[in-house]
Amino acid sequence: MKSNIRVRFAPSPTGMLHIGGLRTALFNYLFAKHHGGTFILRIEDTDQNRYVDTAEKDITTSLEWAGLTVDEGPVQGGPCAPYRQSERSALYRKYAEQLVEAGHAYFAFDTTDEIEAMRERLIKSGNPSPKYDAITRQSMKNSLTLPQEEVKRRLEAGEEHVIRLKVPRRDTIKFDDLIRGTVSFDSGMLDDQVLMKSDGLPTYHLANVVDDHTMEVSHVIRGEEWLSSAPKHILLYQYFGWTPPVMAHLPLIMSPAGGKLSKRNAEELGIPVNVRDYVKGFYEPEALINFLAFLGWNPGDDREMMTMDQLISEFSLERVSKAGAVFNMKKLLWYNEQYFRARTPEQLLSSLKDWIVRHKDDLDDAFITTFLSHTDAENAAVLGIMTDRVSGIHEMADNIQYFYVAPGAFKPEDVAKAWKPGSSELVAAYVERVAGMDPFEAQPLHDALHALATEKGLGLGKLMQPLRLALTGKTFGPDLFEFLARIGKEESLERLSKALKELVA
RNA sequence: GCCGCGUUCGUCUAGGGGCCUAGGACGCCUCCCUUUCACGGAGGUAGCACGGGUUCGAAUCCCGUACGCGGUACCA
């Protein structure tokens with residue numbers, strides 16, 4: 001049996017999908033799926049000025065990457081199509097006029113200059129927050145003050161106008177929010193919200209209410225920035241005679257610098273705000289989802305790692321917290337490592353290949369060709385050795401290069417750290433011992449070094465560091481002996497003798 | 001300014017009157033493992049914003065203060 005739980009994610013295509021938007025979408029999705037309900041994507045493109053035509057595609061692909069499957073939306077269609085507000089214009093006009101007829105809204109002909117003048121006048125006379133409301137509308141040009149004949153004439157002449165909501169002068173508007181409990185507002189604080197703009201398109205408030213009702217949305221789950229406008233929506237439902245959906249206002253995601261996460265106060269701190277950047281970067285989608293789910297929600301026990309299926313079965317709005325949550329980059333990185341390390345070598349290989357394609361300009365050509373000339377099995381084996389030593393696919397590409405190509409110039413700081421006086425003699429002595437070794441395998445290579453260390457009365461580490469530097473050009477990396485065996489005797493000896501020549505000490 | 005919402009370790013959070021000497025996770029620190037680097041394991045560090053009530057008893061309930069955040073558009 002199909003659940004009648006229906007929720008929607010309703011972004012405005014004004015730019016790339018924001019990380020906070022993805023979190024809102026995720027909570028909607030989890031709630032819907034938990035109840036066997038429907039997850040709707042609705043594009044709220046009623047602002048022609050801020051419209052960005054690549055935005056919708058970005059939203060769609062980002063949701064897909066994150067694993068949030070849309071049930072009804074512009075791409076998949078559905079019983080309430082169309083799912084773009086720009087394609088539903090006629091509907092809003094009809095409902096707005098219905099409200100005018102019922103006496104809950106009115107036509108207004110004031111120009112923006114006239115409204116501005118009214119506000120300035122009020123500010124001057126000591127009113128700090130002037131509104132177009134039950135009091136001021138009496139002195140403005142609208143269908144409540146103008147003679148009926150004139151209103152009709154202006155309308156028929158096609159004069160520019162808006163339709164405004166007739167907010168009562170004094171009334172308490174109360175509603176129950178699933179997350180915040182009972183919330184109440186005084187209608188005197190609201191202004192006569194514009195419902196239909198002069199360009200013929202609805203404002204968010206009207207379109208949102210009409211669509212949520214006509215699409216039979218049962219729960220409105222959105223960010224806390226909407227809490228203040230919720231009373232307008234409640235009023236609208238009341239005037240239309242519709243039952244409002246259940247409201248749930250999610251706590252906002254905050255920047256460590258304070259305030260809600262915005263491009264400015266987040267990206268300076270290394271926190272990408274566009275989901276796009278996570279998709280293109282080294283992030284595992286499961287990690288981002290797990291992290292985001294735990295921003296304002298938790299299962300109530302000590303679990304930290306949860307798959308999408310587990311999140312779905314455990315999710316409930318009752319467990320969503322009220323306070324804003326600061327985005328903790330270090331924790332995201334930790335989640336990313338966890339999911340990254342849980343990948344099989346085969347999965348790693350495929351994501352590394354994607355990574356290489358995307359970053360081929362930043363990577364060494366010789367490395368790429370050599371890498372691609374190896375079999376998948378060989379490459380996967382290399383990745384398997386490295387997963388526990390790097391934290392993400394981005395580091396993988398940088399840290400396996402020496403499996404394929406000899407290191408280039410040594411970095412002075414690495415040399416200072418790993419190549420000490422006497423290192424040359426030790427490396428030369430090791431070369432001597434393994435040059436004739438056959439087969440060239442990890443265990444005997446290890447034993448040889450061990451013997452050398454014992455003879456010289458040194459710790460294995462003293463020998464290991466310069467050898468590692470000479471062979472890989474790095475100061476950390478995988479088990480050296482396995483590494484030697486993998487690149488083979490010829491290549492190993494070649495690298496060591498080259499290093500011996502370059503690193504005099 | 002006004003309206004609304006919020007406030008437990010640095011951060012994410014558990015907690016719904018006695019089980020709290022406030023638990024977990026990230027971070028940070030120490031130790032163990034590894035004669036490298038990591039992974040891993042074991043510990044440690046650190047918090048109920050403040051002030052009044054209510055109660056035998058309050059992190060938990062009520063009031064106030066402070067602070068933070070959101071809103072205050074013909075933007076969403």
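Source: prediction; values computed, not measured.
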*Determine, for nucleotides 18-28 of chain B in 5'-to-3' order, which nucleotides have protein heavy atoms under 4.0 Å from the base (write B), from only the sugar-phosphate (write S), or from neither (write -).*
------BBBS-
Using atom [atom1] in both nucleotides, what's the gap between [N] and [M] to the nearest angstrom?
| N | M | atom1 | result |
| --- | --- | --- | --- |
| B:U8 | B:A22 | C1' | 8 Å |
| B:C75 | B:G68 | C1' | 25 Å |
| B:U54 | B:G71 | P | 40 Å |

*Tell me, which of residues 191-201 of chain A have any heavy atom that sits under 4.0 Å from an atom in RNA chain B?*
A:Asp191, A:Val194, A:Lys197, A:Ser198
*Considering only B:A76, B:G4, B:U13, which nucleotide approaches the side chain of A:Asn298 most closely?*
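Selected nucleotide: B:U13.
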Using residues 244-252 of chain A as the side-chain source, report each donor-acceptor pair under 3.5 Å to any protein atom, sequence neighbours left out, with the distance given to one decimal.
from, atom 1, to, atom 2, distance (Å)
A:His249, ND1, A:Asp177, OD2, 2.6
A:His249, NE2, A:Arg222, NH1, 3.1

*asked:* Mind checking if A:Asn208 touches a base, just sugar-phosphate, or nothing, with heavy atoms under 4.0 Å?
replied: nothing
*May I ask you to say what A:Tyr204 touches in the nucleic acid, namely base, sugar-phosphate or nothing, with a heavy-atom cut-off under 4.0 Å?*
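Since a base atom lies under 4.0 Å of A:Tyr204, the category is base.
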_I'd like to know whether the aromatic ring centres of A:Phe282 and A:Phe340 sit less than 6.0 Å apart in this structure._
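No, the ring centres sit 6.0 Å or more apart.
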Taking only distance into account, with no hydrogens and no angle test, what donor-acceptor pairs under 3.5 Å do side-chain atoms of residues 160-168 of chain A form with protein atoms, sequence neighbours excluded?
from, atom 1, to, atom 2, distance (Å)
A:His161, ND1, A:Glu159, O, 3.0
A:His161, NE2, A:Arg93, NH2, 3.3
A:Arg164, NH1, A:Asp192, O, 2.8

*Under the side chain to side chain contact (heavy atoms under 4.5 Å, CB included) test, which residues partner A:Phe476, sequence neighbours left out?*
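With neighbours one apart ignored, the set is A:Asn399.
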*So does A:Arg180 reach the base of B:C5 with its side chain, donor to acceptor, closer than 3.5 Å?*
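Donor-acceptor pair under 3.5 Å: no.
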Donor-acceptor pairs under 3.5 angstrom involving side-chain atoms of residues 442-453 of chain A: please list them, not counting sequence neighbours.
from, atom 1, to, atom 2, distance (Å)
A:Gln443, NE2, A:Asp447, OD1, 3.0

*Any donor-acceptor N or O pair under 3.5 Å, side chains A:Arg319, A:Asn298*: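 Judged by distance alone, the side chains do pair up.
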